[in-house]
Amino acid sequence: MVSLEGSSPGGGLYDRIYQVVRLIPRGRVAIYGQIAAYVGRCTPRQVGYAMAALPSGLDVPWHRVINREGRISFPRNSSAALEQSMLLQAEGVVFDESERVELDDVGWAGLLADSI
DNA sequence: CGGCTGACTCTGG
DNA sequence: TCCAGAGCCAGCC
């Protein structure tokens with residue numbers, strides 16, 4: 001477990017979000033809503049805002065964060081989307097013909113399902 | 001100092 | 001079944 005208490009509650013919400021994103025294991029992906037639920041007192045929108053405001057230099061696996069559809073939240077032809085998919089595939093994440101990932105397989109919740 | 005914008009998701013009509 | 005609105009923090013001009 002990670003001590004989220006180290007962060008200032010109420011202030012520095014983004015930092016807590018970054019902390020949670022950092023918990024996503026390699027080869028797994030998490031959706032915005034899942035991160036928001038994990039952080040608590042947070043909406044998926046907030047996570048999106050945090051990702052958009054993600055400063056460079058932090059060891060945050062931002063590419064492991066995708067939307068609820070299992071799809072990258074960037075325009076298909078954008079360089080950011082290409083880089084994200086490239087990073088994910090480098091970790092073993094497989095995209096189908098619709099460029100979507102099987103959340104039941106590589107989803108962060110898959111860790112829990114793995115225990116069952 | 002004020003207002004705009006930005007990587008989402010869910011519910012109602 | 002599809003569209004539209006609401007919820008919401010932080011950085012920047």
Side-chain angles (χ1 to χ4, degrees):
Chain A
M1 289 299 279
V2 174
S3 302
L4 295 175
E5 304 169 22
S7 304
S8 306
L13 173 63
Y14 283 21
D15 290 332
R16 294 206 302 178
I17 294 175
Y18 299 147
Q19 190 88 338
V20 173
V21 173
R22 256 167 122 195
L23 299 178
I24 307 172
R26 184 176 173 283
R28 280 313 148 142
V29 296
I31 66 178
Y32 296 92
Q34 192 167 19
I35 295 170
Y38 196 96
V39 172
R41 302 296 187 173
C42 179
T43 65
R45 190 69 177 232
Q46 302 296 109
V47 179
Y49 290 154
M51 292 292 107
L54 180 67
S56 57
L58 296 181
D59 286 328
V60 178
W62 60 270
H63 55 278
R64 296 181 192 150
V65 183
I66 59 179
N67 62 27
R68 184 187 167 293
E69 298 177 350
R71 180 127 165 56
I72 292 174
S73 293
F74 282 109
R76 192 186 180 298
N77 51 2
S78 68
S79 59
L82 291 175
E83 172 154 359
Q84 186 170 6
S85 64
M86 182 170 58
L87 287 169
L88 287 175
Q89 289 181 49
E91 294 185 349
V93 177
V94 180
F95 288 81
D96 62 12
E97 294 138 16
S98 301
E99 298 199 354
R100 303 207 311 185
V101 302
E102 195 61 40
L103 292 176
D104 291 332
D105 291 338
V106 297
W108 200 15
L111 293 177
L112 298 176
D114 211 14
S115 303
I116 302 172

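In what follows, every chain begins at residue 1, and chains take the letters A, B, ... in the order their sequences are listed.
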Nearest heavy-atom contact between Cys42(A) and Val47(A) is SG-CG2, 4.0 Å
To the nearest angstrom, the CG-C1' distance between Leu13(A) and dG7(C) comes to 13 Å
- request: Tell me, yes or no, whether the heavy-atom count around Glu102(A) atom CD, taken from other residues, nucleotides or ligands under 6.0 Å, exceeds 12.
  value: yes
Whole-Å distance, Gln46(A) CD to dA10(C) P, equals 8 Å
Here the distance between atom P of dT9(B) and atom CD1 of Ile66(A), to the nearest Å, is 9 Å
Please set out all donor-acceptor pairs under 3.5 angstrom arising from side-chain atoms of residues 79-90 of chain A, sequence neighbours excluded.
{"from": "Gln84(A)", "atom 1": "NE2", "to": "His63(A)", "atom 2": "O", "distance (Å)": "3.0"}
{"from": "Gln84(A)", "atom 1": "NE2", "to": "Val65(A)", "atom 2": "O", "distance (Å)": "2.9"}
{"from": "Ser85(A)", "atom 1": "OG", "to": "Ala81(A)", "atom 2": "O", "distance (Å)": "3.3"}
{"from": "Ser85(A)", "atom 1": "OG", "to": "Leu82(A)", "atom 2": "O", "distance (Å)": "2.9"}

Taking Watson-Crick and G-U wobble contacts under 3.5 angstrom, with | marking pairs to another strand and [ ] crossing pairs, the secondary structure of DNA chain C is written .||||||.|||||
Atom OH of Tyr18(A) and atom P of dC9(C) are separated, to the nearest Å, by 14 Å
Arg41(A) atom CZ is separated from dG7(C) atom P, nearest whole Å, by 16 Å
Rounding to 0.5 Å, atoms CG (Asn67(A)) and CZ (Arg100(A)) come to a distance of 9.0 Å
Rounding to 0.5 Å, atoms CD1 (Ile72(A)) and CZ (Phe95(A)) come to a distance of 4.0 Å
Heavy-atom closest pair (Leu58(A) atom, Pro55(A) atom, distance to 0.1 Å) is CD1-CG, 3.5 Å
For nucleotides 2-6 of chain B, list the nitrogen or oxygen atoms of the protein found under 3.5 Å from its nitrogen or oxygen atoms, one pair per line.
{"from": "dG6(B)", "atom 1": "O6", "to": "Tyr49(A)", "atom 2": "OH", "distance (Å)": "3.4"}

Between CG of Leu58(A) and C1' of dG11(C) the distance, given in whole Å, is 15 Å
Discussion item. For Arg68(A), I'd like to know if atom CZ has over 12 heavy atoms of other residues, nucleotides or ligands within 6.0 Å.
Written reply: no
For Ala36(A), is there any backbone N or O sitting under 3.5 Å from a side-chain donor or acceptor partner on Arg41(A)? no
